[in-house]
Peer 1: 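Mind having a look at this structure? Questions to follow.
Lettering of chains follows the sequences in order, A, B, ..., and the numbering in each one begins at 1. As the structure is a prediction and not an experimental result, all values here were calculated from the model.
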Amino acid sequence: MNNNYLIVAENIGYKINENKLFHNLSFDVAEGEALHICGDNGSGKSTLIRIILGITKQTKGNIKNNSSHGITYLGHKNAIKNYLTLEDNILLMELNDKEELNKYIEILNLRKYMDVIAANLSFGQQKKLALLRIFLNNSDLIILDEPFVGLDIETQDILSEFLNNQLKMNKSIIYTSHISCQIESKILKIN
Amino acid sequence: MKIIRLEFLKLKKKTRTWLGPVLVFWLMMIAYPLTVEFLQEKLEVGFFSVLWIAILISMMLATEDIFLEDFNDGTLEQIMIKTSSFSTLVSVKILTYWIFVGIPISILSFIFSFGTTEDLALSLMIFPLSIISSYIFLNLFVMGNALSLNKGSVLGALVTMPLALPVLIVLGKSIIAIQLSINYLGFIFLLLGCLSIIIVTVPLVVSYIIKAHLE
Amino acid sequence: MIKKFIHQFASPKTYLFQVNKFYNYIFFISVFIYISSITWGLLFTPEDFVQGNSFRIIYLHVPASFISQSLYAAMAVSSIVYLVWRVKLAAYLVIAIAPIGAMTTFIALISGSIWGIPTWGTWWQWDARITSTLILFIMYLGLISFHNSFSNYEKADKLLSWLVIVGAVNIPIIKKSVDWWSTLHQSASITLTNKPSIDPSMLYPLIGSIIGFFGLILCLVLLSSKNQILIREKTKSWIKDYV
């Protein structure tokens with residue numbers, strides 16, 4: 001084991017309109033580790049993710065982000081432009097590795113939809129498109145909010161396998177999920 | 001440079017967003033003579049007031065959902081994670097909107113003022129005024145729409161319209177200056193001065209405002 | 001250092017108890033000052049040479065228009081304090097002042113109109129001061145409706161503070177530009193800016209009325225901010241004890 005922690009959180013809490021969402025959460029994520037955030041609906045999983053990302057500010061406690069290559073994030077909102085074709089959407093994602101990109105377009109079976117407007121794709125297909133961001137990441141921390149929702153079994157497996165490989169490459173992953181998945185991870189329960 | 005190309009690509013495909021305001025401007029300029037008795041003199045009296053207000057309204061319409069779409073689909077979050085500042089994005093967005101909406105409207109206002117006054121020199125002087133003022137209005141309404149992001153554009157217009165009033169006064173004065181042929185350049189420089197201050201401050205302020213919205 | 005100092009002395013709880021302690025004194029002193037100066041002004045000063053008795057409305061109009069702008073300045077200062085030091089009390093003050101600012105501006109406009117009928121023969125004139133006061137009134141209403149449209153109070157506070165600061169920069173610009181605008185259009189009518197200098201027998205009650213009116217508005221601000229604290233901190237345990 002190494003002691004290279006990417007995320008260290010101490011006693012963080014969050015209040016909205018003076019109502020406590022969660023409080024005194026402490027956790028850390030080291031290189032090559034995965035953290036699975038569990039909790040009921042409305043327990044603040046997504047808010048916690050946003051705090052880790054640095055978008056929302058916690059109302060209490062400290063959180064430290066040591067990642068040097070940035071974060072790749074995929075949440076409920078997948079940053080896909082409805083009025084653009086799949087090809088233009090990929091252009092917007094600014095993915096540089098063309099070879100890898102083509103490989104994953106084939107794997108995810110997206111090739112034949114390249115000229116289709118994103119609004120005409122199904123939810124699952126849009127999600128696959130958004131996943132390209134994850135598959136072609138070059139950061140050391142991957143954060144996913146409910147990544148398996150809306151995916152078919154096949155794609156779920158592809159994603160799990162990919163994430164496991166990333167862990168072996170010493171990258172770290174933080175995710176929330178209702179569906180149990182084959183990723184070896186620490187569990188953080190909030191309620 | 002790449003961000004400019006991408007914003008261009010996005011706006012180009014949203015025909016409604018840039019063509020709509022230009023057409024509304026056109027219709028407003030057509031609507032004006034219809035409300036006035038058809039006498040050349042009477043047309044000229046209120047023409048420039050209507051022109052400036054029409055530019056103002058079109059800019060308001062143009063910026064209606066300038067951040068809304070990026071906010072709703074999560075693009076803003078992705079940008080925040082990458083760069084943690086929105087000032088570049090805001091400047092680029094305003095620039096693209098100005099190219100797609102501001103410049104066509106300025107050309108139209110030149111054509112309309114020539115058509116109404118039949119005075120080429122005057123209309124040529126109107127063109128730079130509308131080009132600069134449309135850029136200023138865009139900046140102001142972008143700020144308003146950032147403030148009232150996902151609360152509808154009426155609120156944004158309500159809170160930023162007072163900011164545009166001084167610019168309207170300057171525009172009114174410059175018309176008088178043109179007609180009396182005094183100090184036209186002074187007004188152009190005054191507007192350029194305003195623009196240079198606004199162009200720097202608005203993206204910074206808007207960046208903070210958007211961050212507050214994402215929180 | 002500064003942050004700690006401010007947080008200690010600006011906790012809503014301390015503020016609320018201080019307000020309760022001093023409120024009655026401020027209220028009765030202001031009522032006394034205001035009533036005595038308007039009695040003096042209304043009953044014991046001579047009629048104005050030009051305007052007759054109608055000028056006596058200045059004891060309402062001048063304090064109101066004076067304070068309507070000071071309230072905006074107060075909001076701007078509170079906004080800066082809130083954005084820089086994250087003092088919640090400052091945010092409560094901003095939203096507590098807004099409706100009162102709108103009210104005083106409204107009083108200034110209405111009393112000005114009433115005064116205008118006998119003096120100018122018209123209840124409205126596109127004069128620089130009136131126009132900028134009207135814009136100020138609309139800005140106040142805009143701020144209120146803006147704040148009301150958010151369900152997340154903290155977000156609303158932050159955005160409102162930005163808006164107030166932008167507006168504060170703009171108010172002098174509006175005033176200057178409107179002044180400039182009216183210099184060319186204004187024909188020779190009586191304007192507020194050109195009024196003859198005031199006689200001491202009118203001046204002293206006027207100053208008294210400004211101070212008294214200011215005290216009364218301050219009382220309203222205190223009450224309204226107290227109200228804000230009670231609404232916003234209702235989940236805190238000390239509020240439950242207090243109520």
Peer 1: Does any backbone or side-chain atom of C/Leu159 lie under 4.5 Å from a heavy atom of chain B? Answer side chain, backbone, both or neither.
Peer 2: both

Peer 1: What option among B/Leu158, B/Val159, B/Val170 has the most heavy-atom pairs under 4.5 Å with chain C?
Peer 2: B/Val159

Peer 1: Just checking, is any N or O donor in the side chain of B/Ser87 or B/Ser85 under 3.5 Å from an acceptor N or O on the other one?
Peer 2: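 Yes, B/Ser85 and B/Ser87 have a side-chain donor paired with an acceptor closer than 3.5 Å.
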
Peer 1: Counting only non-hydrogen atoms closer than 4.5 Å, does B/Ile209 touch chain C with its backbone (N, CA, C, O), its side chain (CB onward), both, or neither?
Peer 2: both

Peer 1: Under 3.5 Å, is there a donor-acceptor pair between the side chain of C/Ser70 and the main chain of C/Phe66?
Peer 2: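 Flag set: sc C/Ser70 to bb C/Phe66 pair under 3.5 Å.
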
Peer 1: Need one label for B/Met143: side chain, backbone, both or neither, based on atoms under 4.5 Å from any heavy atom in chain C.
Peer 2: side chain

Peer 1: Should the heavy atoms of other residues, nucleotides or ligands under 6.0 Å from CH2 of C/Trp123 be counted, would the total exceed 12?
Peer 2: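 Check fails, neighbour count at 12 or below.
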
Peer 1: Around atom OH of C/Tyr242, are there more than 12 heavy atoms of other residues, nucleotides or ligands at under 6.0 Å?
Peer 2: yes

Peer 1: With a 4.5 angstrom heavy-atom cut-off, is it the side chain or the backbone of B/Leu165 that approaches chain C, or both, or neither?
Peer 2: side chain

Peer 1: Between B/Trp18 and B/Tyr97, does the ring centre distance come in under 6.0 Å?
Peer 2: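 So the answer is no for these two rings.
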
